[in-house]
Protein chains: 2
Amino acid sequence: MSSPVRHTRQRSAVSALLAEVEGFHSAQDLHAMLRERGERVGLTTVYRTLQGLADAGEIDVMRPPGGEHLYRRCSEGHHHHLVCRGCGRTVEVAGPAVESWAGRVAAQHGFTDVSHTLEIFGACPSCAG
Amino acid sequence: MSSPVRHTRQRSAVSALLAEVEGFHSAQDLHAMLRERGERVGLTTVYRTLQGLADAGEIDVMRPPGGEHLYRRCSEGHHHHLVCRGCGRTVEVAGPAVESWAGRVAAQHGFTDVSHTLEIFGACPSCAG
DNA sequence: GCGTTTTTGACAATCATTCTCGTTGTCACG
DNA sequence: CGTGACAACGAGAATGATTGTCAAAAACGC
């Protein structure tokens with residue numbers, strides 16, 4: 001039942017790319033970047049790899065209004081994002097208070113195995129004007 | 001700049017339906033229900049109406065993993081949802097602490113015009129076993 | 001090397017949502 | 001009450017991201 005994760009050129013390429021780029025990018029976006037670099041990786045593989053990484057908790061997935069999934073390599077551990085509506089700039093924020101609040105509220109209703117998603121949108125200083 | 005919202009049979013139908021049903025439903029779902037009731041409303045119109053209501057803040061939109069937008073008429077004011085992964089049961093929860101926290105964090109980074117989305121997922125008592 | 005098993009990737013399929021554009025219904029005003 | 005302007009409607013086509021398919025290629029253990 002354990003899937004012995006094999007090391008492949010494509011997987012390395014996706015990981016390496018994610019390590020370099022800043023901010024969130026869509027699967028299609030990442031795929032295009034790989035092609036520009038000369039890496040020959042299929043779109044299908046990019047999707048699969050990203051899903052795998054997301055399942056493994058190594059990258060974050062965001063679903064902004066607009067229908068595209070955005071992926072981003074980000075720091076370990078649980079955190080949330082503050083995203084600028086204008087330029088897309090992203091700031092990672094930690095919210096211990098929120099974590100415990102979410103857990104408490106869930107417990108009050110008898111919910112277990114709790115997770116949550118939280119995103120904050122706003123206009124950053126540069127885009128506010 | 002003001003769009004004089006006209007009162008139409010279709011709009012009433014969608015609103016009325018939302019007032020009756022419990023929980024979240026997709027646009028397609030609502031459209032099917034309207035047809036069963038004998039209301040003849042186009043799918044396009046359902047989408048447009050839902051978008052309008054969502055913009056007006058009269059209904060909530062949720063984007064669960066799965067790609068379908070779910071709409072729900074819910075209580076006035078800002079609140080969040082605690083959703084069961086198993087049966088989809090939804091509980092509305094208010095989190096004043098979270099609201100102020102989000103605002104504070106955003107302000108710290110110079111962000112203005114802030115909004116946020118928060119969803120908590122878990123297993124409800126019935127589904128936990 | 002060799003065989004087994006996973007992974008890959010081109011292409012087709014899916015499916016919610018959006019667009020198009022001619023028709024219809026509302027509303028304001030005469 | 002009539003009428004004209006303009007928003008709303010709706011059927012079908014279009015869009016576009018994501019997922020499924022399956023034969024060929026690559027990786028790993030021996």
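This is a predicted model, so every value here is computed, not measured.
The bend of the helix from dG1(C)-dC30(D) to dG30(C)-dC1(D), defined by the angle between the axes of its first five and last five pairs, stands at 40° to the nearest 10°.
Hydrophobic side-chain contacts under 4.5 Å tie Y47(A) into a cluster, directly or through other members, with L43(A).
Under 4.0 Å is where a charged nitrogen must lie from a carboxylate oxygen, and between R37(A) and E20(A) at least one such pair does.
The distance from atom NE2 of H31(A) to atom C1' of dG16(D) is 15 Å, rounded to the nearest whole Å. Protein atom CG of L70(A) is 15 Å distant from nucleotide atom C1' of dG16(D), rounded to whole Å. To the nearest angstrom, P of dA8(D) lies 15 Å from CG of L50(B). One atom, CD of E68(B), and another, C1' of dC15(C), lie 9 Å apart when rounded to the nearest Å.
Applying the side-chain contact (heavy atoms from CB on, under 4.5 Å) rule to E99(A) yields the partners H78(A), H80(A), H116(A); only residues at least two apart in sequence or on another chain are considered. Applying the side-chain contact (heavy atoms from CB on, under 4.5 Å) test to S15(B) and every residue at least two apart in sequence or in another chain returns L53(B).
One side chain, E68(B) or S26(B), offers a donor N or O that lies under 3.5 Å from an acceptor on the other.
Look at R11(B) and you won't find any side-chain N or O under 4.0 angstrom from OP1 or OP2 of dT26(C). Between Q10(B) and dA8(D) there is no side-chain N or O to OP1 or OP2 distance below 4.0 Å.
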Next item on the list: Assess whether side chain to side chain contact (heavy atoms under 4.5 Å, CB included) is satisfied between R73(A) and F24(A), documenting all intermediate values.
Entry: CA-CA 8 Å; R73(A) 155 141 193 190; F24(A) 283 91; over 6 Å; no
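Residue pairs meeting the salt bridge (Lys or Arg N to Asp or Glu O under 4.0 Å) criterion with at least one member in residues 110-122 of chain A, sequence neighbours excluded, are D113(A)-R85(B).
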Check: How does each nucleotide of nucleotides 19-30 of chain D score, in 5' to 3' order, for protein heavy atoms under 4.0 Å: base (B), sugar-phosphate only (S), or none (-)?
Finding: BB-----BBS--
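Contact detail for A27(A) and V46(A): the closest heavy-atom pair is O-CG1, 3.8 Å.
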